[in-house]
Amino acid sequence: MKLTDVSKIYRIGTEKVVALDNISLEIPKGEICCILGTSGSGKSTLLNLMAGLERPTKGNIKIKGKNIERMSENSLARFRQKHVGFVFQSYNLLPALTALENVSLPLVFRGVSKKVRNQKAKRILEQVGLGTHIKHKPNQMSGGQQQRVGIARAFIGNPEIVFADEPTGNLDSKTTVEIMNLITNLARENNQTLIIVTHDINIAKYADRIVYILDGNIEKIEKTVKVEGEII
Ligand code: ADP
Ligand code: MG
């Protein structure tokens, strides 16, 4: 993924908010990248632009060699369906559906048969430690369990890129560690690119690289130091 001179300016009446100010950034395939910054610094805006959910006011965003800012809404939607997974702070599960149904949803949109969907959903729910909860609805699960369902849903289609916006923002510190280990292990196993947005420096340690965002600018980029695979 390559961003070149990307800006995003929101206009509210006559007011202008420069959410992103001329950002250039390259993220190689398979990298776990953390976008770190305080509230209002532009992290979510940056993630939404990279995911093709919003368009830049200026600049180019290339993913897999394609300029996504030039794609039509329809081709963008297809592109996201095929190549992108999302994990949200508030899980965004459908309350009326079971864990199994929530997780298989992305495969419905890809036209996968119900039998195969259920098999795959069951397998990935087992992988995230929820084999005994496949029939539970979101309100019958803890926050950590709901986020495991959210992660299973993001990864089920084996997307090349997974975006996570404050994935542990609603979780306690112990569950945060479990969820971060889970999501980063899944991404590493399949050589998927994982882009995590957070304000929490403890989360940033799980990444290969930390991009510090301040007032819509990249303040600095740091590689994390790992000793024999351990996070220090
Ligand atoms: P973060 O995720 O780092 O908290 P955001 O990317 O959500 O920050 O927001 C960056 C800036 O852009 C903030 O000043 C915010 O108020 C503004 N902003 C974000 N989305 C919109 C929008 N849809 N309309 C107007 N201003 C917005
Ligand atoms: Mg945000």
Side-chain angles (χ1 to χ4, degrees), residues 1-27 31-63 68-73 76-77 80 84-93 143-144 146-147 150-151 153-154 159 161-173 175-177 179-180 183-184 187 193-222 224:
M1 180 178 326
K2 188 173 178 186
L3 285 76
T4 312
D5 301 329
V6 169
S7 294
K8 179 73 180 178
I9 299 163
Y10 291 109
R11 273 169 227 278
I12 306 171
T14 55
E15 287 286 304
K16 276 200 326 190
V17 179
V18 182
L20 291 177
D21 184 14
N22 225 29
I23 280 195
S24 296
L25 174 66
E26 228 171 302
I27 301 177
E31 181 174 80
I32 298 184
C33 181
C34 178
I35 315 281
L36 182 69
T38 53
S39 175
S41 57
K43 306 180 297 294
S44 295
T45 303
L46 179 57
L47 185 135
N48 291 343
L49 291 180
M50 293 194 289
L53 293 169
E54 285 185 68
R55 288 178 194 275
T57 310
K58 178 181 137 318
N60 307 106
I61 302 168
K62 257 190 182 166
I63 302 181
I68 62 164
E69 81 281 355
R70 292 190 202 145
M71 284 161 69
S72 69
E73 287 302 324
L76 257 181
R80 281 196 302 267
V84 175
F86 291 95
V87 178
F88 303 91
Q89 174 171 358
S90 46
Y91 326 127
N92 287 20
L93 304 177
Q146 288 182 62
Q147 193 58 299
I151 290 169
R153 179 185 56 189
I161 311 171
V162 174
F163 292 100
D165 195 346
E166 306 271 6
T168 60
N170 293 358
L171 303 173
D172 60 64
S173 55
T175 311
T176 291
V177 171
I179 289 293
M180 285 312 298
I183 192 168
T184 50
T193 310
L194 174 62
I195 299 169
I196 307 165
V197 156
T198 184
H199 64 275
D200 182 355
I201 184 77
N202 293 312
I203 301 280
K205 295 185 300 196
Y206 291 85
D208 300 319
R209 225 160 38 123
I210 308 173
V211 177
Y212 291 79
I213 301 283
L214 183 68
D215 295 335
N217 290 289
I218 295 179
E219 189 188 9
K220 60 175 174 176
I221 299 179
E222 250 177 32
T224 52

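Computed from heavy atoms alone, side chains included, the values below leave out hydrogens, waters and symmetry copies. Ligands are counted one by one from 1 in listed order, and the atoms in each one are counted from 1 as well.
At a heavy-atom cutoff of 4.0 Å, ligand 1 is surrounded by Tyr10, Ile12, Val17, Ala19, Thr38, Ser39, Gly40, Ser41, Gly42, Lys43, Ser44, Thr45.
Taking the charged nitrogens against the carboxylate oxygens, Arg209 and Glu222 have no contact shorter than 4.0 Å, which rules out a salt bridge.
For Asp5 and Ser7, the side-chain atoms include no donor-acceptor pair closer than 3.5 Å. At a cut-off of 3.5 Å, with distance as the only test, a side-chain donor of Asp172 or Thr175 sits close to an acceptor on the other residue. Using modelled atom types, one finds no donor on one side chain facing an acceptor on the other under 3.5 Å when comparing Gln89 with Asp165. No side-chain donor-acceptor contact under 3.5 Å links Asn60 and Lys2.
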If you apply the rule side-chain contact (heavy atoms from CB on, under 4.5 Å), what do you find for Ile221 with Leu25, and how did you get there?
CA-CA 10 Å; Ile221 299 179; Leu25 174 66; 3.8 Å; yes
Audit row: Lys62, Met1, side-chain contact (heavy atoms from CB on, under 4.5 Å) steps and yes/no
CA-CA 6 Å; Lys62 257 190 182 166; Met1 180 178 326; over 6 Å; no
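Here the options are Leu171, Thr198, Asn202, the test is side chain to side chain contact (heavy atoms under 4.5 Å, CB included), and the partner is Thr176; only Leu171 passes. Each of Val162, Ile27, Leu194 was scored for a side chain to side chain contact (heavy atoms under 4.5 Å, CB included) with Ile32, with one residue passing: Leu194.
Around the Mg ion (ligand 2), the protein contributes the following N, O or S atoms under 2.8 Å, ordered by chain and number: Ser44 OG.
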